[in-house]
Amino acid sequence: MPTSDRPEPRPPGPANPGPLVGADWLAARLGAPGLVVFDASVGAHRGAGRRIPGARPFDLDGALSDHAAPAPHTMPGPAEFTEALRSLGVDDTDTVVVYDGAGVYSSARAWWMLRAMGFDRAAVLDGGLPAWTAAGLPVEAAAPEYGGPHGTFTARPRPGLLVDAEDIAAALSDPAAAVLDARTRERFEGTAPEPRPGLRGGHMPGAVSLPFGELQRPDGLMRPAGELRTAFAAAAGGRERLRFSCGSGVTACVLALGADLAGYRDLAVYDGSWSEWGLPSPLRPVATGPGAGADTGRGSAEDDRPHLQAL
């Protein structure tokens, strides 16, 4: 039985430039054979009604999360992920660029999901749609769904890139590991309420606060590699085994992206994140206050973006 309704395989996509590309790189290759552009916007940004020309929807609020799982934005299984990517026309030889309408926010989640499923030919658009439009590049009305031919993508899961609560509990007691929390410092310290009902305020004992916005410049672009390395070294010390958490496993992937750009390699994202850990449970302790490695002289770079704090 054929795995695709495309009569002939298309050529491979452009050479993968790494985990991050600029608007100029994408503009020069837009429409090239084998290049797939995904809009991974969530929430209000998903319904903005405009897209980079030809972009396809990577729907983290829909088919690309496991809605049978108790925590939001849980990774689908390999079979479901394979079917979703094939239905979006992705081949194993394609090059994928992912963006979102907020900047570098939910796009990093899509990039990390692809990596966790064994697909390395993917990159995040630096600055997302705001950087694209700031450069004067074209947009078009967003189509509600992709209607092209199916692809041949096959998931090849990499164990360990997405981890569970037991793995995080082990990392919290491992002197070689650091658990970094991407939420605002106010949520980390328990002084601001959680946006999801029923969750306790605070953080995992031993975790370190590193709000994802601190990895970005004021214009929404990711900071240079050297600055990212400095930020992670300040948060994690000399620890190279980094584990990331947030509200529901989305902005934790911004930390994973930043750490990858900074040269760290032993990385994992807690898929359930605070949506799981923060539930009432005697098995998952919660602390309040600044926490380990706190630098109270720094503010939270996402404080003025309340619409981006819940994930």
Side-chain angles (χ1 to χ4, degrees), residues 1-41 46 48-60 62-64 76 78-101 104 106-158 257 260-261:
M1 179 180 291
T3 58
S4 172
D5 57 10
R6 183 182 295 115
E8 296 180 3
R10 63 173 172 236
N16 183 22
L20 193 70
V21 299
D24 55 347
W25 187 96
L26 178 58
R29 294 161 179 81
L30 196 64
L35 178 67
V36 174
V37 180
F38 277 131
D39 182 346
S41 301
R46 180 167 169 256
R50 59 179 183 164
R51 66 179 183 182
I52 293 174
R56 307 171 194 179
F58 194 101
D59 189 2
L60 291 167
L64 282 155
E80 292 77 14
F81 194 80
T82 293
E83 176 56 32
L85 268 291
R86 287 184 180 184
S87 70
L88 289 166
V90 180
D91 286 352
D92 287 319
T93 57
D94 285 341
T95 297
V96 171
V97 175
V98 190
Y99 75 92
D100 65 72
V104 179
S106 50
S107 52
R109 172 70 180 184
W111 166 78
W112 191 253
M113 291 169 69
L114 287 161
R115 176 171 284 199
M117 285 296 179
F119 187 86
D120 289 327
R121 298 175 62 88
V124 171
L125 177 62
D126 198 8
L129 188 61
W132 179 268
T133 56
L137 295 166
V139 295
E140 65 182 12
E145 58 186 30
Y146 169 75
H150 278 50
T152 60
F153 175 90
T154 299
R156 299 171 176 85
R158 290 190 175 112
L257 174 63
D260 186 271
L261 293 168

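Closest of all the heavy-atom pairs between Arg115 and Asp120 is CG-OD1, 4.1 Å. Here the shortest heavy-atom pairing between Arg51 and Ala143 reads NH1-CB, 3.5 Å. Listed here is the closest heavy atom pair of Arg29 and Leu35: O-CD2, 3.2 Å. Nearest approach of Leu114 to Ala122, heavy atoms of both residues: CD1-CB, 3.9 Å. The heavy-atom pair separating Pro130 from Gly127 by the smallest distance is CD-O, 3.3 Å. Shortest non-hydrogen contact noted between Val124 and Trp111 is CG2-CB, 3.5 Å.
Within the model, atoms OH of Tyr99 and CG of Leu26 stand 9.5 Å from one another, a figure rounded to the nearest 0.5 Å. Here the straight-line distance linking atom CG of Leu64 with atom CG of Leu85 works out to 6.5 Å at 0.5 Å rounding. Distance check, rounded to the nearest 0.5 Å: CG of Asp100 to CZ of Arg109 gives 13.5 Å. Taken from CH2 in Trp132 to CG in Asp126, the straight-line distance is 13.5 Å, to the nearest 0.5 Å. With rounding to the nearest 0.5 angstrom, the CD atom of Glu83 is 9.5 Å from the CG atom of Leu88.
The residue from Val97, Leu20, Leu125 that alone fulfils the side-chain contact (heavy atoms from CB on, under 4.5 Å) condition with Trp25 is Val97.
Counting heavy atoms from C-beta outward, Met113 and Leu60 have side chains that approach closer than 4.5 Å.
Within the 3.5 Å criterion, the main-chain N or O of Val104 finds no donor-acceptor partner in the side chain of Ser107. Between the side chain of Asp91 and the main chain of Thr152, a donor-acceptor pair closer than 3.5 Å is present. With hydrogens and angles disregarded, a donor-acceptor distance shorter than 3.5 Å links the side chain of Arg86 to the backbone of Phe153. Of the possible donor and acceptor atoms, none in the side chain of Arg121 sits under 3.5 Å from a partner among the backbone N and O of Asn16. For the pair Arg158 (side chain) and Arg156 (backbone), a donor-acceptor distance under 3.5 Å is absent.
Partners of Phe58 under the ring pair (Phe, Tyr, Trp, His ring centres under 6.0 Å) rule, at least two apart in sequence or in another chain, are Phe38.
A donor-acceptor contact closer than 3.5 angstrom links the side chains of Asp39 and Ser41.
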task = Take Arg50 and Leu129 through the side chain to side chain contact (heavy atoms under 4.5 Å, CB included) test and state the conclusion after the steps.
result = CA-CA 9 Å; Arg50 59 179 183 164; Leu129 188 61; 4.0 Å; yes
